[in-house]
Amino acid sequence: GNSVTQMEGPVTLSEEAFLTINCTYTATGYPSLFWYVQYPGEGLQLLLKATKADDKGSNKGFEATYRKETTSFHLEKGSVQVSDSAVYFCALSSYYGNNRLAFGKGNQVVVIP
Amino acid sequence: DARVTQTPRHKVTEMGQEVTMRCQPILGHNTVFWYRQTMMQGLELLAYFRNRAPLDDSGMPKDRFSAEMPDATLATLKIQPSEPRDSAVYFCASGTGTGGNTEAFFGQGTRLTVV
């Protein structure tokens with residue numbers, strides 16, 4: 001079935017550092033890929049998305065490129081701020097998965113001033 | 001500003017009691033998801049609906065959980081009887097699922113504590 005794998009463990013980094021969170025997927029067909037962000041005490045919010053191979057999703061300085069050859073959708077930001085501290089979830093949705101939204105386990109990101 | 005509304009935001013109940021969580025999806029959305037979030041398991045899909053019909057509830061313990069959509073403006077998740085292991089944050093999300101491009105909008109969740 002469709003699944004998403006995120007790198008293990010929290011990510012702690014200093015303000016203005018470069019952030020990368022890895023995400024790989026397994027899916028039948030051509031899924032749409034998403035990154036969601038969850039701030040403390042809140043629900044998940046869509047951060048960015050890409051619907052076909054080589055598409056780049058971007059928002060608030062974050063970017064991720066849909067790489068079909070490596071089945072990856074890594075999230076990057078060039079210079080993080082304290083306000084970026086949150087949990088980040090990679091997700092996919094596929095017609096062949098009946099459009100169910102499958103999430104990775106999430107990565108806690110802590111940005112230190 | 002359209003948003004998914006969940007009630008209650010917090011619920012503390014005793015083991016064995018019935019718990020009902022409610023969700024009002026965004027008007028016009030035809031897909032509704034119920035997720036459970038815990039530290040140990042992360043986000044688990046419990047059930048989801050398309051045009052009010054249940055498509056998949058394989059993630060839900062059938063003996064105690066039930067999910068329904070009595071109409072297009074209301075989704076409910078019921079636990080009877082509740083157990084301490086059901087303590088979690090329950091999220092409802094709605095979206096427009098077409099062609100595999102289901103973008104979901106989440107509510108703020110119901111934090112359930114069963115003592």
Side-chain angles (χ1 to χ4, degrees), chain A residues 1-10 21 23 25 27-53 55 57 59 64 66 68 73 86-108, chain B residues 1-7 9-10 21 23-26 29-51 53-60 67 88-111:
Chain A
N2 296 340
S3 65
V4 174
T5 302
Q6 290 182 236
M7 51 195 278
E8 292 286 330
I21 306 176
C23 170
Y25 67 89
T28 302
Y30 304 95
S32 294
L33 302 173
F34 308 86
W35 276 100
Y36 281 81
V37 59
Q38 184 179 30
Y39 299 103
E42 300 288 323
L44 281 70
Q45 303 172 27
L46 180 67
L47 180 60
L48 56 83
K49 67 178 182 181
T51 57
K52 61 183 188 297
D55 267 3
N59 186 24
Y66 189 143
K68 189 167 175 58
F73 192 55
V87 181
Y88 292 81
F89 293 90
C90 186
L92 72 80
S93 172
S94 167
Y95 174 81
Y96 293 98
N98 215 357
N99 291 329
R100 60 183 293 168
L101 198 55
F103 284 88
K105 290 193 177 296
N107 287 103
Q108 172 84 50
Chain B
D1 188 22
R3 59 181 64 192
V4 175
T5 304
Q6 289 186 249
T7 56
R9 290 291 312 278
H10 303 272
M21 290 169 271
C23 169
Q24 182 177 356
I26 293 172
H29 283 186
N30 67 344
T31 305
V32 172
F33 302 89
W34 281 105
Y35 287 90
R36 175 171 62 185
Q37 186 177 38
T38 60
M39 290 292 291
M40 294 299 295
Q41 299 297 328
L43 269 172
E44 302 173 275
L45 178 66
L46 297 175
Y48 79 107
F49 295 79
R50 173 79 43 73
N51 297 322
L55 283 189
D56 186 351
D57 60 2
S58 58
M60 202 164 64
V89 181
Y90 291 81
F91 287 104
C92 174
S94 71
T96 52
T98 56
N101 188 8
T102 303
E103 177 180 330
F105 295 80
F106 279 73
Q108 291 192 291
T110 294
R111 181 174 294 276

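Values below: all heavy atoms of this structure, side chains included; hydrogens, waters and symmetry mates excluded. Every value quoted in this text rests on a predicted model; they were computed, and no experiment measured them. The sequence lines fix the lettering, A, B, ..., with proteins before strands; numbering per chain opens at 1.
Of the atoms belonging to A/Leu44, heavy atoms from both backbone and side chain fall under 4.5 Å from chain B. Interface remark: B/Arg111 contributes no atoms to any contact with chain A (heavy atom separation under 4.5 Å). Of the atoms belonging to B/Gln37, it is side-chain heavy atoms, and not backbone ones, that fall under 4.5 Å from chain A.
Partners of B/Gln24 under the side chain to side chain contact (heavy atoms under 4.5 Å, CB included) rule, at least two apart in sequence or in another chain, are B/Thr5. Legend: residues meeting side-chain hydrogen bond (donor to acceptor under 3.5 Å, both in side chains) with B/Gln6, ordered by chain and number and at least two apart, are absent.
Of all the heavy atoms in A/Gln38 and B/Phe91, the pair that sits closest is NE2-CZ, 3.4 Å.
Panel note: side chain B/Tyr48, backbone A/Leu101; no donor-acceptor pair is recorded below 3.5 Å.
Other residues, nucleotides and ligands contribute over 12 non-hydrogen atoms within 6.0 Å of the NZ atom of A/Lys68.
With rounding to the nearest 0.5 angstrom, the CZ atom of B/Phe106 is 6.0 Å from the OH atom of A/Tyr36.
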